[in-house]
Amino acid sequence: MASSSSSYQSPEAKKQEFRRYLEKSGAIESLTTAIVGLYEETDRPVESTDYIRQCLMNNGPSSSTLTSTSGGGAAATTSSNNNGLIAENEKLKKENAKLKKEIQELTKTVDTLRSNLKHSRDEARGARDEIRKMKTKGVSS
């Protein structure tokens, strides 16, 4: 926004200038694409902002565009950091899914073991009761 702070701009003029800035920079197009993608998603995520953020990171300006517009190498570093974080996030999602599956399998195993233990205890009680009956019959005869 290249307006002088000494000249007065009405709020409407400021809005229009900002809107032109967003259109020129491609922000409106990027946001629209992300929101339309979310609308068309059949399995909508719980966090819509995460979805939009992911779309903007994947479809955002390239590191060379960021470097040329910001005038430094920090943007390229930020972009490579984002790529690294995205890769790490994907790795952690896969690991999380694997661990959840393992938890389900272990839960089934624990349930089976509990059931077997209950059955074994019931059998032991039955056997103990039989032994007691035999002893009492033997004592009374």
**Request:** Would you indicate whether Glu90, at its atom CD, is surrounded by more than 12 heavy atoms from other residues, nucleotides or ligands within a distance under 6.0 Å?
**Result:** yes
**Asked** Any chance CZ of Arg114 has more than 12 other-residue heavy atoms, nucleotides or ligands included, within less than 6.0 Å?
**Response**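 It does not: Arg114 CZ has 12 such atoms or fewer within range.
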Please tell me if the side chains of [X] and [Y] come closer than 4.5 Å, counting only heavy atoms from C-beta onward.
{"X": "Lys94", "Y": "Lys98", "answer": "no"}
{"X": "Leu22", "Y": "Leu31", "answer": "no"}
{"X": "Met57", "Y": "Gln54", "answer": "yes"}
{"X": "Leu56", "Y": "Ile52", "answer": "yes"}
{"X": "Leu38", "Y": "Cys55", "answer": "no"}

Main-chain N/O of [Y] paired to [X] side chain as donor or acceptor, under 3.5 Å:
{"X": "Thr136", "Y": "Lys133", "value": "yes"}
{"X": "Tyr51", "Y": "Ala34", "value": "no"}
{"X": "Ser25", "Y": "Tyr21", "value": "yes"}

**Asked** Using 4.0 Å as the upper bound for N to carboxylate O, is an ion pair formed by Arg125 and Asp129?
**Response** no
To the closest 0.5 Å, what do you measure between [atom1] ([X]) and [atom2] ([Y])?
{"X": "Ser30", "Y": "Ile35", "atom1": "OG", "atom2": "CD1", "value": "11.0 Å"}
{"X": "Lys14", "Y": "Tyr8", "atom1": "NZ", "atom2": "OH", "value": "7.5 Å"}
{"X": "Glu123", "Y": "Asn116", "atom1": "CD", "atom2": "CG", "value": "10.0 Å"}

**Item:** Sole residue of Lys108, Gln104, Glu102 in side-chain contact (heavy atoms from CB on, under 4.5 Å) with Leu106
**Value:**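 Result for side-chain contact (heavy atoms from CB on, under 4.5 Å) with Leu106: Glu102.
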**Prompt:** Do you know the tightest heavy-atom contact between Arg19 and Ile28?
**Reply:** O-CD1, 4.2 Å
**Prompt:** Do Glu12 and Lys15 pass the side chain to side chain contact (heavy atoms under 4.5 Å, CB included) test, and can you show the C-alpha distance, the side-chain angles, and the key distance before you say yes or no?
**Reply:** CA-CA 5 Å; Glu12 195 60 37; Lys15 286 180 191 177; 4.2 Å; yes
